[in-house]
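Scroll down for the structure; my scribbles are underneath it.
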Amino acid sequence: MANERLLHGKSVMITGASSGIGAAAARLFAAEGAAVVLTARRVDRLRQLADEIRAAGGRAVAAPGDVVSAQDMRDAVATAVDTFGRLDAAFNNAGWTSVGTAFHEIDDEEYDRIVDVNQRGVWNAMRAQLTVMLSRGAGGAIVNTASVAGVRATGVAAPYIAAKHAVIGLTRAAADEYGDHGIRVNALVVGSTETELMQEALARTPSLFLPFTQRAIQRRLAAPQEVAQAAAWLCSDRSSFVTASAIPVDGGWTAR
């Protein structure tokens with residue numbers, strides 16, 4: 001039906017769902033008919049968001065966990081199956097970075113945290129998601145949040161740039177390997193977005209505001225909802241011929 005909601009009847013897992021793009025995606029996906037499984041470390045925020053979605057007539061369950069833990073990701077996927085019967089799609093959005101530290105001054109702990117959250121986190125989530133999608137045999141769609149930093153040197157920490165390049169690589173490798181099983185995998189090349197992480201970065205290094213906005217054609221920060229709209233489309237059947245893509249949602253930054 002032409003007026004059917006974009007994600008009607010689908011079960012979708014969202015990581016990094018407690019704020020920013022992830023929380024915006026949770027609200028949007030539920031409004032578009034999806035049953036959403038919300039994953040993040042901040043339990044109270046996660047449960048409040050799930051309650052909010054249910055109060056508005058949507059379907060949501062909180063599955064607290066850390067993307068750095070492979071077991072937490074397996075547990076979140078199990079929650080999707082136990083609660084909604086299946087997992088049709090996933091939006092792997094959790095991320096973290098630092099700014100203002102020179103390449104040669106980044107210590108091992110900071111490097112490990114950045115790479116673990118942004119790269120290993122996507123790896124852990126995708127392994128669990130792919131496993132259950134393959135077992136069901138009905139295909140699926142996975143969307144990973146990369147960044148302009150996945151294709152450009154943007155001024156943020158070097159390990160973040162490396163990790164987001166890796167997210168695009170993992171996306172394309174999985175799309176190629178599981179395409180015959182009807183599983184599509186895509187990445188979003190996200191530009192500067194008004195999230196909690198961005199606000200923290202700009203508070204630490206205010207001088208980044210101009211380069212983060214003026215390099216893009218639109219010369220502004222994105223609203224989290226604008227990124228969530230792209231993720232919703234990629235999780236839906238309306239993007240059925242799109243896979244292994246790194247799609248810019250960047251206000252035109254990478255066009256220059």
Check your understanding: Are W253 and L202 in one and the same hydrophobic cluster, where Ile, Leu, Val, Met, Phe, Trp and Tyr link if side-chain heavy atoms are under 4.5 Å apart?
Key -> yes

Point to revise | Separation between CZ of R113 and OH of Y160, rounded to the nearest 0.5 Å | key: 13.0 Å

Review point. Which of these, T145, D250, V227, sits in a side chain to side chain contact (heavy atoms under 4.5 Å, CB included) with T193?
Key: V227

Check your understanding: Any chance CZ of R120 has more than 12 other-residue heavy atoms, nucleotides or ligands included, within less than 6.0 Å?
Key -> no

Review point. If you look only at pairs with a residue in residues 100-110, which of them pass as a side chain to side chain donor-acceptor pair (under 3.5 Å), with sequence neighbours excluded?
Key: S98-E110

Review point. Checking E32 side chain against L7 main chain: does a donor-acceptor pair fall under 3.5 Å?
Key: no

Point to revise | All side chain to side chain donor-acceptor pair (under 3.5 Å) counterparts of S147, not counting sequence neighbours | key: none

Review point. What salt bridge (Lys or Arg N to Asp or Glu O under 4.0 Å) pairs are there with at least one residue in residues 128-140, not counting sequence neighbours?
Key: D88-R136

Practice item. Answer yes or no: is there a side-chain heavy-atom contact under 4.5 Å between T83 and V37? Key: no

Review point. What do the steps show when you test M13 against M73 for side-chain contact (heavy atoms from CB on, under 4.5 Å), and what is the final call?
Key: CA-CA 10 Å; M13 174 179 164; M73 292 302 94; 3.9 Å; yes

Practice item. Sort and list the pairs that fulfil salt bridge (Lys or Arg N to Asp or Glu O under 4.0 Å) and have at least one residue in residues 169-192, not counting sequence neighbours. Key: none

Point to revise | Beyond-backbone contact of K10 with D237, side-chain heavy atoms, under 4.5 angstrom | key: yes

Check your understanding: Apart from Y111 itself, which Ile, Leu, Val, Met, Phe, Trp or Tyr residues share its cluster (side-chain heavy atoms under 4.5 Å, direct or through members)?
Key -> I106, V115

Point to revise | Least distance between heavy atoms, R204 atom then T97 atom | key: NH2-O, 3.8 Å

Exercise for review: State the CD-CD1 distance between Q129 and I142, to the nearest 0.5 angstrom.
Suggested key: 5.0 Å

Check your understanding: If you take all heavy atoms of N118 and G95, which pair is closest and at what distance?
Key -> OD1-CA, 3.3 Å

Check your understanding: Hey, mind stepping through Y178 and L130 against side-chain contact (heavy atoms from CB on, under 4.5 Å) and telling me if it holds?
Key -> CA-CA 9 Å; Y178 299 104; L130 287 164; 3.6 Å; yes

Exercise for review: List for me each residue that meets side-chain contact (heavy atoms from CB on, under 4.5 Å) alongside E226, sequence neighbours excluded, and say none if there are none.
Suggested key: R220, A222, A223

Review point. Any chance CH2 of W123 has more than 12 other-residue heavy atoms, nucleotides or ligands included, within less than 6.0 Å?
Key: no

Study note, to complete from the structure: Sorted by chain and number, sequence neighbours left out, side chain to side chain donor-acceptor pair (under 3.5 Å) with N144 holds for N92, T171

**Study point:** Minimal non-hydrogen separation, A244 against N186, with atom names
**Key:** N-OD1, 3.3 Å

**Study point:** Straight-line distance of S192 OG to Q214 CD, nearest 0.5 Å
**Key:** 10.5 Å

Review point. Roughly how far apart are I53 CD1 and L28 CG, rounded to 0.5 Å?
Key: 10.0 Å

Point to revise | Residues that S11 engages under side chain to side chain donor-acceptor pair (under 3.5 Å), provided they are two or more places apart | key: none

Exercise for review: Please identify each residue that fulfils side-chain contact (heavy atoms from CB on, under 4.5 Å) with V68, with sequence neighbours left out.
Suggested key: D66, D116, V117

Review point. Which value, rounded to the nearest 0.5 Å, describes the distance between L49 atom CG and S18 atom OG?
Key: 8.5 Å

Point to revise | Heavy atoms of other groups near H8 NE2, more than 12 under 6.0 Å | key: no

Check your understanding: Any chain of hydrophobic side-chain contacts (each under 4.5 Å) joining L46 to I14?
Key -> yes

Exercise for review: Taking side-chain contact (heavy atoms from CB on, under 4.5 Å) as the test, write out the residues that go with S135, two or more places apart.
Suggested key: V132

Exercise for review: Check whether W96 and L38 end up in the same hydrophobic cluster, where Ile, Leu, Val, Met, Phe, Trp and Tyr are linked by side-chain heavy atoms less than 4.5 Å apart.
Suggested key: no

Check your understanding: With a 4.5 Å heavy-atom cut-off, do F212 and V156 have their side chains touching?
Key -> yes

Check your understanding: Does F91 reach the side chain of L188, with side-chain heavy atoms less than 4.5 Å apart?
Key -> yes

Check your understanding: Any salt bridge (Lys or Arg N to Asp or Glu O under 4.0 Å) pairs touching residues 67-78, not counting sequence neighbours?
Key -> none

Point to revise | Worked verdict on R27 versus E52 for side-chain contact (heavy atoms from CB on, under 4.5 Å) | key: CA-CA 9 Å; R27 295 182 178 97; E52 174 193 325; 2.7 Å; yes

Revision key, fill the gap. Here the pair of heavy atoms bringing E196 nearest to R45 is OE1-NH1, 3.2 Å

Review point. Taking a hydrophobic cluster as the set of Ile, Leu, Val, Met, Phe, Trp and Tyr residues connected by side-chain heavy atoms closer than 4.5 Å, whether directly or through intermediates, do I21 and L234 fall within one such cluster?
Key: yes

Practice item. For A255, check side-chain contact (heavy atoms from CB on, under 4.5 Å) against everything at least two apart and list the hits. Key: I217

Review point. When you measure from the side chain of T39 to the backbone N and O of T15, does any donor-acceptor pair fall under 3.5 Å?
Key: no

Practice item. Can you see which heavy atom on R152 is nearest to which on H165, and at what distance? Key: N-CE1, 4.1 Å

Point to revise | Residues, nucleotides or ligands: over 12 heavy atoms within 6.0 Å of R41 CZ | key: no

Review point. What are the two closest heavy atoms between P64 and V43, and how far apart are they?
Key: CB-CG2, 3.8 Å

Exercise for review: May I ask whether I168 and I161 are part of the same hydrophobic cluster, defined by side-chain heavy atoms of I, L, V, M, F, W, Y residues being less than 4.5 angstrom apart, directly or through others?
Suggested key: yes

